[in-house]
Protein chains: 2
Amino acid sequence: MLKKIKIPDATIGRLSLYSRYLIEAHEKGITTVSSQHIAKATGVTPAQVRKDLAYFGEFGTRGVGYNSKELYNYIMKILGLDKHWSVAIVGAGNLGKALSQYKGFYQRGFDIACIFDNDPKKVGKKISNINICHLDSLNEKVKELKITLGIIAVPAQAAQEVADKLVKAGIRGIINFAPINITVDENIILRRVDLSAQLEYLTYYLEDA
Amino acid sequence: MLKKIKIPDATIGRLSLYSRYLIEAHEKGITTVSSQHIAKATGVTPAQVRKDLAYFGEFGTRGVGYNSKELYNYIMKILGLDKHWSVAIVGAGNLGKALSQYKGFYQRGFDIACIFDNDPKKVGKKISNINICHLDSLNEKVKELKITLGIIAVPAQAAQEVADKLVKAGIRGIINFAPINITVDENIILRRVDLSAQLEYLTYYLEDA
DNA sequence: TAGATTGTTAATCGATTAACAATC
DNA sequence: TAGATTGTTAATCGATTAACAATC
């Protein structure tokens with residue numbers, strides 16, 4: 001199984017969705033699925049499903065289809081979800097607290113190891129079993145808890161500084177929820193998620209409609 | 001100003017980012033900005049900035065640039081953010097509660113009018129001034145509070161049913177946070193946001209790196 | 001006029017879709 | 001063999017980038 005192939009961003013989101021369908025199908029006792037089944041369940045075209053999979057190998061049997069459990073395992077491996085990942089959330093505001101409790105992360109193998117903040121009133125407290133630590137302890141905690149991923153959930157003005165600290169601490173991938181462009185060293189994987197922009201996509205198309 | 005032009009999805013996210021930069025520039029007293037300034041601040045190319053704006057009209061002055069406040073106003077109008085939008089969140093779990101308190105929505109003109117749930121233990125309570133209402137009261141509340149947008153923050157199994165109810169209640173745009181494909185009538189604007197898939201994007205590139 | 005920057009067209013790049021040979 | 005479905009190539013579609021005339 002190859003890795004680090006540059007594939008369309010959208011392919012990763014689709015693979016994630018395929019995997020969820022596959023495990024559900026498997027649990028229902030459906031052992032064999034076709035690209036058409038996957039496509040229908042996930043809202044894409046069968047050609048797209050086959051193309052997405054073709055980046056990584058040959059997982060099916062011509063004339064037959066795919067074994068649902070097997071393909072599920074392959075996709076989880078491709079996505080790097082055959083193991084657990086330790087995640088730091090920076091920012092113990094509403095968004096940070098929320099993300100830390102979001103079960104969807106845990107279900108896919110992401111363990112929120114610690115929430116970091118620099119507000120002394122918050123540090124030392126817990127949010128459903130997750131410690132809030134001072135941002136100054138980031139470096140040691142990253143090592144101690146083997147944290148590799150960081151989620152930035154602080155206001156825009158603080159985002160770049162936090163990103164720099166995360167990188168310095170040894171984190172290798174970052175999701176930035178702050179609505180601002182930040183830059184990091186090129187060997188760090190960075191992704192920005194703009195929650196408000198998602199709603200703005202709706203209002204763009206609804207205005208004057 | 002035209003509307004309803006089909007533009008690349010990514011353009012909307014970028015316009016959102018441009019607008020945040022522009023208002024900041026305006027507040028700093030920078031009255032004129034070039035596509036190069038905008039590009040640098042938002043991490044895109046100057047050509048991209050000009051192209052994105054060109055879908056909607058001519059907002060600049062050749063040889064000079066753009067007036068920051070003016071262009072800000074234009075973009076906010078394009079995105080439909082020159083007015084407030086009333087939003088319903090369905091699901092008073094961790095994610096729903098979090099999103100309801102997320103200040104980033106409010107700052108862009110999105111008012112969370114009500115959180116809906118069908119758990120009797122939650123109904124009647126408040127989350128920082130926002131009422132939790134029973135899902136059965138959706139239809140009346142949507143009319144009463146003039147709600148036009150819905151956010152689905154329920155488990156995957158319940159998402160389609162909730163979407164159907166939102167549509168029946170008269171909602172016109174939906175963000176689906178559940179990791180499943182749902183379908184709605186074609187005159188409803190639908191968008192799926194997969195928080196876990198965002199992290200999976202990181203792990204895809206980090207595995208074996 | 002010289003320098004700067006827009007708006008727009010054409011070229012390039014990349015992703016999706018259609019078609020079909022391979023093969024169960 | 002006939003029917004079904006994969007894997008892959010070629011065609012299409014769409015988005016980004018480069019280039020430049022227009023114009024301040």
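The chains referred to below are lettered A, B, ... by the order of the sequence lines, with proteins before strands, and numbering in each begins at 1.
Considering CG of Asn67(A) and CZ of Phe59(A), their distance stands at 13.0 Å, rounded to 0.5 Å.
The distance between the ring centers of Tyr102(A) and Phe105(A) falls below 6.0 angstrom. Residues Tyr205(A) and Tyr201(A) bring their aromatic ring centres within 6.0 Å.
When each of Gly60(B) and Ala10(A) is assigned the nucleotide of DNA chain C bearing its nearest heavy atom, the one mapping closer to the 5' terminus is Gly60(B). Nearest-nucleotide positions on DNA chain C place Glu58(B) closer to the 5' end than the other of Thr61(A) and Glu58(B).
Distance Leu71(A) CG to dT5(D) C1': 14 Å, rounded to the nearest Å. Spacing between atom CD of Glu70(A) and atom C1' of dT6(D) amounts to 15 Å, rounded to whole angstrom units. The distance between atom CD1 of Ile38(B) and atom P of dA4(C), rounded to the nearest whole Å, is 19 Å. Distance, Arg62(B) CZ to dT5(C) P: 14 Å, rounded to whole Å. Across the protein-nucleic acid pair, Ile12(B) atom CD1 and dA15(D) atom P stand 11 Å apart, rounded to whole Å. The CD1-P distance, from Ile5(B) to dA15(D), rounds to 13 Å in whole Å. Put simply, CD1 on Ile7(B) is 10 Å from P on dA15(D), counting in whole angstrom units. The CG-P distance, from Asn67(B) to dT5(C), rounds to 16 Å in whole Å.
Considering only the side chain of Arg14(B), dT16(D) comes nearest among dT8(D), dT16(D), dT16(C). Listed candidates were dT16(D), dT6(D), dT8(C). Nearest to the side chain of Pro8(B) is dT16(D).
Here Ser35(B) lies in heavy-atom contact (under 4.0 Å) with sugar-phosphate atoms only.
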Taking only Watson-Crick and G-U wobble pairs with both distances under 3.5 Å, what dot-bracket line describes DNA chain C, where [ ] shows pairs that cross earlier ones and | shows pairs with another strand?
-> ..||||||||||||||||||||||
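Residue Asn187(B) qualifies as enclosed at atom CG: its count of foreign heavy atoms under 6.0 Å is above 12. Atom CD of Glu144(A) has more than 12 heavy atoms from other residues, nucleotides or ligands within 6.0 Å.
Against DNA chain D, the stretch residues 39-53 of chain A makes heavy-atom approaches under 4.0 Å through Arg50(A), Lys51(A).
With respect to Glu207(B) and Lys83(A), a salt bridge is recorded, a charged nitrogen being found less than 4.0 Å from a carboxylate O. Ion pairing between a basic and an acidic side chain is recognised when a charged N comes within 4.0 Å of a carboxylate O; Arg20(B) and Glu24(B) show no such pairing.
The closest side-chain heavy-atom distance from Arg108(B) to Leu79(B) is below 4.5 Å.
Distances shorter than 4.0 Å separate some side-chain N or O of Tyr66(B) from OP1 or OP2 on dG7(C).
In this structure a side-chain-to-backbone donor-acceptor pair under 3.5 Å is present from Asn94(B) to Gln101(A).
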